[in-house]
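A short write-up of the structure that comes next.
Every chain is numbered from 1, with letters handed out A, B, ... down the list of sequences.
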Amino acid sequence: MTRRLVWPLVMTALSAFLLGPLILVVVFSFNSNELISFPMGGLSLRWYHQLIGDDAFQAALLNSLAIALPTAFISTVTGALAAYTFAEWRTRFGLPALSVLGLPVLLPPLVIAIALVVLFARWLDLPLGRPAVICGHVLVTQPFVAAVVAARMASFDFTVLEAARDLGASRFQTFVKVTLPQIRAAIIGAALIAFALSLDEFIIAVFTIGGGNTLSTFVWGKIKTTLDPSINAIATIMLAMTVSLTLIALRLTRYRG
Amino acid sequence: MSEAIRAGEAEPLLRLSAVSKRYGAATALHPIDLAVTKGSFTAILGPSGCGKSTLLRLIAGFTEPSTGSIEIAGRDVTRLVPEKRPTNMVFQGYGLFPHMTVAENVGFGLTIARRSRSEIGERVAETLALVRLEELAGRPIQALSGGQQQRVALARALIMRPLILLLDEPLAALDLKLRQAMQTELRRIHKETNGTFVFVTHDQGEAFSLADNLVVMNEGRIEQIGRPQDVYIRPKTLFVSQFVGDTNILEGTRRSGVVELAAGPRFASAGPDGKVTFVLRPETVRIRPAQDLPSSPIAGITGTIEELHLLGDGARITVTAPEGHQLIVRLPNPRFGDGLAPGIRVAVDWADDALTEVGAP
Ligand SMILES: Nc1ncnc2c1ncn2[C@@H]1O[C@H](COP(=O)(O)OP(=O)(O)OP(=O)(O)O)[C@@H](O)[C@H]1O
Ligand SMILES: [Mg+2]
């Protein structure tokens with residue numbers, strides 16, 4: 001009896017330890033008090049109002065979106081094309097090629113960040129900023145896109161492509177009418193994942209953003225100076241965005257038919 | 001005059017001239033010549049990996065030949081892309097579009113060809129009726145059985161009214177009963193549409209029951225082309241005789257027009273001197289108990305029955321001659337009064353024309 005209770009208890013404790021701080025962050029974001037401590041004051045949207053009125057927050061949000069959108073777009077196009085092409089080869093070169101493409105995931109983000117700074121500032125003599133962050137984010141999100149699309153391609157029946165050509169469709173018509181409808185969900189899902197990853201990313205962003213802030217570097221700056229409860233509001237907003245994007249992505253990429 | 005007309009009629013719809021295909025160092029297809037006449041039902045028969053699919057894919061345009069040229073209805077299509085060829089294919093794995101319904105699958109080719117909605121609707125209904133799938137028009141592809149999917153694949157190709165319909169082992173995935181039913185359907189559709197079918201199979205029974213023209217392939221080469229019964233009765237090579245039905249192989253030597261088989265019998269047979277190989281179909285062998293023999297020697301072999309298998313529609317008997325030569329005999333109706341049983345001494349012989357000389361293996 002007691003033995004049977006051990007594992008559930010361990011799991012509950014572990015979950016509480018992992019999720020507890022998260023829950024606190026969300027709860028305190030709606031707290032009207034100045035201090036992040038118990039006892040709590042009344043329920044209020046005070047910190048959200050303060051954030052929305054804050055110019056620095058607005059600039060950071062704009063930066064984050066202006067980085068995450070192009071990142072999602074570029075890495076979806078390149079990652080999906082790569083995965084599709086490697087799958088189309090249907091040879092033993094497909095998997096190694098995909099693995100090489102996935103290497104940036106294994107590199108420490110710090111190394112990627114330093115390399116980008118060196119590349120932009122020293123060699124290309126370009127200012128740091130959004131384009132530099134986008135480069136870094138494409139590098140680390142593209143493997144995820146490729147992996148999601150490759151997983152879809154693993155169950156893709158390539159005979160349908162020949163069948164479409166045989167029935168009079170050109171290469172382009174075949175792609176639009178036969179390939180795309182079958183892998184569209186996976187591609188949209190992959191794009192959402194790339195978007196969420198870029199939104200959250202900190203290390204590459206903090207090194208390569210140059211002057212401005214993204215959401216994550218903005219929070220970091222705030223933590224260093226004041227422990228203002230509006231941090232909780234930002235964290236909650238980011239949590240909501242990431243979780244919902246990921247949930248939608250998971251739904252879309254789940255294999256159907 | 002009548003000769004000229006017949007020659008005109010025989011002008012092939014499809015002609016392959018010295019077509020070959022290499023993949024790197026490997027040769028999938030050695031240079032072959034093949035002609036297919038309009039309205040024929042050609043079966044390409046051969047073991048796995050002999051190049052049947054390669055041949056079909058060359059005709060459909062999915063692969064380019066390494067050498068040679070392909071002509072359809074007098075037009076050179078060797079470099080033509082598949083979507084421009086007057087052929088359509090039923091694929092081994094069907095290749096149906098999983099995101100479309102049955103009707104959308106069947107209508108795909110006409111939609112691409114930008115036919116009017118009413119024409120597409122009409123022809124889809126007509127073609128679905130031909131393959132007897134009228135009630136399933138609105139079903140998604142996943143909700144179909146294997147046999148139904150196969151008929152959708154057939155309908156999707158037939159609706160294009162191809163000059164040549166190519167079928168790559170379309171029945172291989174079906175169970176025996178469904179396969180036989182589909183064979184009957186295919187024969188009916190071939191007759192009703194008046195089409196020209198080229199059908200790939202590695203099942204000789206299927207080839208014989210469907211085709212009026214048989215192409216036997218082995219290791220990237222065509223071994224023999226002919227009417228199925230001719231190929232069966234007069235195989236040109238040892239491979240054909242073995243691949244198409246059961247066979248007995250008799251080796252021997254020819255010296256100035258007389259052949260002496262290793263198993264005993266001698267007979268007159270014109271040809272160059274040297275080693276010879278003959279094949280003998282088991283059902284052309286005559287067999288009787290040895291005690292019935294007239295005292296004069298016969299042209300056949302005497303031996304002992306080693307095995308006797310009843311097959312339901314006949315019997316298969318293995319006879320062993322003194323020097324270890326074995327002969328298979330097939331009897332359509334074993335009569336037990338014949339006194340044939342394992343261990344019995346028997347005499348076997350055959351009509352002169354039952355032996356067919358084949359090229360060296
Ligand atoms: N794309 C390719 N690259 C390399 N070799 C190939 C390719 N396609 C076919 N081959 C080779 O060519 C030969 C003929 O293949 P093919 O598919 O035509 O055989 P098949 O007669 O259709 O066999 P099966 O009955 O098994 O379908 C095989 O040895 C095969 O390995
Ligand atoms: Mg094949």
Spacing of Arg184(A) atom CZ and His99(B) atom NE2 [to the nearest 0.5 Å]
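One finds 8.5 Å between CZ of Arg184(A) and NE2 of His99(B).
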
Interatomic spacing from OG1 in Thr174(A) to CZ in Phe108(B) - rounded to 0.5 Å:
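CZ of Phe108(B) is found 6.0 Å from OG1 of Thr174(A).
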
Shortest non-hydrogen contact between [X] and [Y], atoms and distance:
X	Y	value
Ala163(A)	Gly95(B)	CB-O, 3.6 Å
Pro98(B)	Val160(A)	CD-CG1, 4.2 Å
Ala60(B)	Asp166(A)	CB-OD1, 4.4 Å

Within a strict 4.5 Å, meaning less than it, do heavy atoms of the Pro82(B) and Glu162(A) side chains meet?
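Not in contact.
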
Side chains of Lys177(A) and Phe97(B): closer than 4.5 Å at any heavy-atom pair?
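A side-chain contact under 4.5 Å is absent here.
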
Stepwise, does the side chain to side chain contact (heavy atoms under 4.5 Å, CB included) test hold for Asp157(A) with Tyr94(B)?
CA-CA 10 Å; Asp157(A) 173 14; Tyr94(B) 311 152; over 6 Å; no

Under the salt bridge (Lys or Arg N to Asp or Glu O under 4.0 Å) criterion, do Glu83(B) and Arg171(A) qualify, and how do the steps go?
CA-CA 9 Å; Glu83(B) 59 262 38; Arg171(A) 263 171 183 281; over 6 Å; no

Just wondering, more than 12 heavy atoms not from His30(B) lying within 6.0 Å of its NE2?
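Yes, enclosed.
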
Would you find more than 12 non-hydrogen atoms of other residues, nucleotides or ligands less than 6.0 Å from Arg188(B) atom CZ?
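More than 12 heavy atoms, drawn from other residues, nucleotides or ligands, come within 6.0 Å of this atom.
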
Take Ile112(B) and Leu167(A) through the side chain to side chain contact (heavy atoms under 4.5 Å, CB included) test and state the conclusion after the steps.
CA-CA 8 Å; Ile112(B) 291 290; Leu167(A) 293 165; over 6 Å; no

Side chain, backbone, both or neither: which part of Ser170(A) has a heavy atom under 4.5 Å from chain B?
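Both backbone and side chain.
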
Please flag which part of Leu110(B) lies under 4.5 Å from any non-hydrogen atom of chain A: side chain, backbone, both or neither.
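Neither part.
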
